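Because the structure is a prediction, the values reported are computed rather than measured. Atom set for the values below is all heavy atoms of this structure, side chains included, hydrogens, waters and symmetry mates excluded.
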Amino acid sequence: MGTTDLSAMPNLSALSLIKSTIMQAHTEWELIPEFEDSTLLFCITTDT
């Protein structure tokens, strides 16, 4: 689940991908949540 290491991508491309996948996951969750009365959380880690 989620996206793997994006360090080979330019920073702006990686940020764009991260933003779009989070927005897509959120939209899908709002329409059909996997579990009732639950919260969708995201974890983003960096090596800087």
Side-chain angles (χ1 to χ4, degrees):
M1 184 184 262
T3 305
T4 59
D5 183 6
L6 302 178
S7 63
M9 295 178 74
N11 286 346
L12 289 178
S13 297
L15 290 171
S16 178
L17 177 62
I18 292 165
K19 182 178 178 180
S20 67
T21 56
I22 287 175
M23 291 175 66
Q24 179 182 354
H26 180 263
T27 299
E28 292 172 4
W29 186 269
E30 290 292 309
L31 293 173
I32 306 171
E34 289 185 31
F35 305 99
E36 287 191 36
D37 299 322
S38 60
T39 303
L40 179 63
L41 302 173
F42 298 93
C43 178
I44 301 171
T45 60
T46 62
D47 184 21
T48 57

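None of Leu17, Ile22, Ile18 except one satisfies the side-chain contact (heavy atoms from CB on, under 4.5 Å) rule with Ser20; the exception is Leu17.
Through chains of ILVMFWY side-chain contacts below 4.5 Å, Ile32 is grouped with Leu31.
Expressed to the nearest 0.5 Å, how far CE of Met9 lies from CG of Asn11 amounts to 10.0 Å.
The hydrophobic cluster containing Leu40 also contains Ile44, counting ILVMFWY residues as joined when their side-chain heavy atoms lie under 4.5 angstrom apart, directly or transitively.
Open room surrounds CZ on Phe35; 12 or fewer heavy atoms of other groups in view lie less than 6.0 Å from it.
Looking at Thr27, its side chain does come within 3.5 Å of a backbone N or O of Met23 through a donor-acceptor pair.
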